[in-house]
Amino acid sequence: MDCAARTHSVVFSALFPKNSANSRVFTVKCSSKNLSLDGASSGLVERPWKVADARLVLEDGSIWKAKSFGARGTQVGEVVFNTSLTGYQEIITDPSYAGQFVLMTNPHIGNTGMNFDDEESVQCFLAGLVIRSLSIRFAPQIGDAQRPLVTIWLKGTSWVYVSPIRVVYKATSHFHFKLWNSSSLIYQPLYHATDDVDTRAITRRLREDGSLIGVLSTENSKSDEELLEMSRTWDIVGVDLISGVSCKSPYQWIDRTGSDWEFNDNGRNKETFNVVAYDFGIKHNILRRLASYGCKITVVPSTWPASETLKMNPDGVLFSNGPGDPSAVPYAVEAVKELIGEVPVFGICMGHQLLGQALGGKTFKMKFGHHGGNHPVRNLRNGCVEISAQNHNYAVDPESLPDGVEVTHVNLNDGSCAGLASSKMKLMSLQYHPEASPGPHDSDPALSVVTEIGMDKALTTVVSLKSSTFWVSKKAKQEISNISNDLSNLSNTVEEKAKWIFNKLKGKPTKSLPDLLREYNLPCGLFPQNITCYEFDESNSKLIVYLPSTCEICFKDSSVMRYATRVKGTLSRGKLAGVDGMKTKVLVWVKVTSINVESYKSDKLWFNAGVKKSRSKVAYEIPRDAVKVEEF
Ligand SMILES: NC(=O)CC[C@H](N)C(=O)O
């Protein structure tokens, strides 16, 4: 290897294009001269690992020349691209990547080293890693900087040693790297790994054609045709990959996330909940986060019988993430089925897909899936967008789900189902990773739902539940189901008023509050989006809006509005009059008595609060989350 070379070329050739009768060979050369920021281009340092020529042959006939810095030999797998900028250690150790080559779209990998805290499993299960450029140097992470520059080989699972460029390197698990040659301090990943690959070009191909099967080989004795044949005869669909990554017997988990994760009140040291976690390839950070949320966790193998779980009398059951096709593991779906309704259950990723199937729904394979740390998801309960970390190739088809199962989250990139819930069955699930390390942490609070208390809280106070026709609180829903049998017998005999109440509870109004306001030509952000429910009686135009607590919003025009837990008013075209329960700040807090739009097309909104004051209508166009305040 010549690591001191100032320029290296990446050669891409394509044989046997999949859809072409004529074989084509073409070559693309691109220089990585300016890409290497890590010292390789200075000519001063050598890579402290051994490299070998490698080929990545894709099933579409393209062949990508590369340098292997990992295991030697030949490996087949499905190639998926991951758009995360950080977190490569967590990705490499995520068991959900079993059977897959992870191609990182971020060109520069390795620059933050590795550390003990970021391991997601005790072994790397991925088929291989494909990257553009591996850092020779890496910056020790905060906290590692003061470690002595010595070479130590710790017996057991960890090594600490120095690379030839005098940076402390900590290989946390012996399976990551083996000591290639202890005297010259060369280390080598035990999984297949290759760099100097034109990852952008392959990503474009995967986006166009979908995920492709590939073969990575360092063996010169194997011909391109042989490798291509291998890629075309292997498949990942229908294969049970979970049994290869799950633990073999139950164990207790106690480790929590460190102090840098204390960005919310995790319920730490308050109450202890017993949780059984099914290990379909569970990421350790799920366990660490659950422990931080006050859970005492027993991890059980994927084949653990549901009856045994129930004997353990858990407060909640978690179905974890895991690799491969959810329809290839019917035994897991059966266990999930038996537990639904018996105990609160929460599913993450594979767990979510298994829940979908257990409920009678279907899963399907996506074109190239979602793999990255920047996926926008809308939480349909509160309208908020969460940025999430995702890693999946399959999804639940929401159309196939039975009535009573609510789609709670939607991926905003493609509209796919990203979360499910049923308050009746006490189940919730997310297609993505609320525990994501290094983040984003937007969805972290979702982990608290794994217990009954957490789930109750989530299902009632997370705002409102959308029934098919009306926004009703959970309490109202329960009341309806309690009395619905009686009412269906009595409905012919009840007097008009009772009928009206029944109809109202049952759900005559058909829209959300923002839609109602819009229909009356009022800006839909006049009320917080985290309202609990609302009632509107068309016969006398009375509107009552319920809020979970007294709260406040600062609008775009810097005006501040405060709301009581119940706001009443008379709604008519362009006007909300006789308002009770709303205040605005005009030096002091003043009760709002009416709000009206100047004229149909006007962008002015008039507030009557002591005096009549004009405000810009645009500032109230989007419903916002209100912040809880102590008093109205
Ligand atoms: N992270 C996961 O749990 C992955 C789920 C499933 N194996 C998929 O690819 O869709």
Side-chain angles (χ1 to χ4, degrees), residues 77-84 87 90-103 120-121 124-127 206 210-213 235-247 277-287 289 299 302 318-333 336 345-358 361-373 375 377 388-398 409 411 413-414 416-420 428-437 443 446-447:
E78 180 182 49
V79 187
V80 294
F81 64 90
N82 186 310
T83 52
S84 297
E90 291 86 340
I91 290 164
I92 293 164
T93 54
D94 179 350
S96 296
Y97 282 116
Q100 291 175 324
F101 287 107
V102 182
L103 178 149
E120 289 290 10
S121 69
C124 295
F125 291 104
L126 78 173
L206 296 173
S211 320
L212 294 169
I213 306 297
D235 204 355
I236 195 165
V237 177
V239 181
D240 172 5
L241 290 165
I242 285 178
S243 50
V245 300
S246 177
C247 62
Y278 271 79
D279 176 9
F280 299 128
I282 198 161
K283 288 168 73 187
H284 285 178
N285 217 49
I286 296 178
L287 296 168
R289 288 309 289 147
V299 185
S302 58
L318 173 106
F319 303 118
S320 82
N321 62 295
D325 184 351
S327 35
V329 284
Y331 60 89
V333 179
V336 174
V345 294
F346 183 55
I348 296 179
C349 212
M350 176 61 105
H352 157 89
Q353 297 164 0
L354 296 176
L355 266 168
Q357 291 211 355
K362 289 192 168 55
T363 51
F364 63 93
K365 190 155 196 263
M366 305 165 90
K367 190 174 173 189
F368 48 80
H370 299 150
H371 310 273
H375 282 258
V377 164
S388 67
Q390 308 215 352
N391 167 27
H392 64 111
N393 264 14
Y394 293 84
V396 173
D397 173 7
H409 297 74
N411 185 306
N413 284 343
D414 60 5
S416 59
C417 166
L420 296 174
M428 290 180 91
S429 64
L430 296 177
Q431 179 59 85
Y432 53 97
H433 292 273
E435 85 295 346
S437 174
S443 316
L447 285 160

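We count ligands from 1, going down the list as the structure has it; atoms in each ligand are counted the same way. A quick note: this is a predicted structure, and the numbers were derived from the prediction, not measured.
Looking at ligand 1, you'll find an N or O of N391 within less than 3.5 Å of one of its N or O atoms. The distance criterion of under 3.5 Å between nitrogen or oxygen atoms is not met by N321 with respect to ligand 1. Between G322 and ligand 1, at least one pair of N/O atoms sits closer than 3.5 Å. By the 3.5 Å distance cut-off applied to N or O atoms, C349 is not counted among the residues near ligand 1.
Looking at residues two or more places apart in sequence or on another chain, you find a ring pair (Phe, Tyr, Trp, His ring centres under 6.0 Å) between H370 and H375, H392.
Of the candidates S211, A98, P95, G324, it is G324 that places a heavy atom closest to atom 7 (N) of ligand 1.
Those atoms of ligand 1 that come under 4.0 Å of a heavy atom in P323, given as number and element, are 7 (N).
Across all non-hydrogen atoms, the minimal contact from L420 to G356 is CD1-CA, 4.2 Å. Across T83 and G372, no two heavy atoms sit closer than the pair OG1-CA, 3.4 Å. Nearest heavy-atom pair across P95 and F125 is CB-CD1, 3.7 Å.
Atom CG of D240 is separated from atom CZ of F280 by 10.5 Å, given to the nearest 0.5 angstrom.
Among protein heavy atoms, the minimum distance from atom 8 (C) of ligand 1 is reached at N393 N, 3.3 Å.
Counting heavy atoms from C-beta outward, F101 and L212 have side chains that stay 4.5 Å or more apart.
Contacts between S96 and ligand 1 below 4.0 angstrom, taking non-hydrogen atoms only, involve the side chain exclusively.
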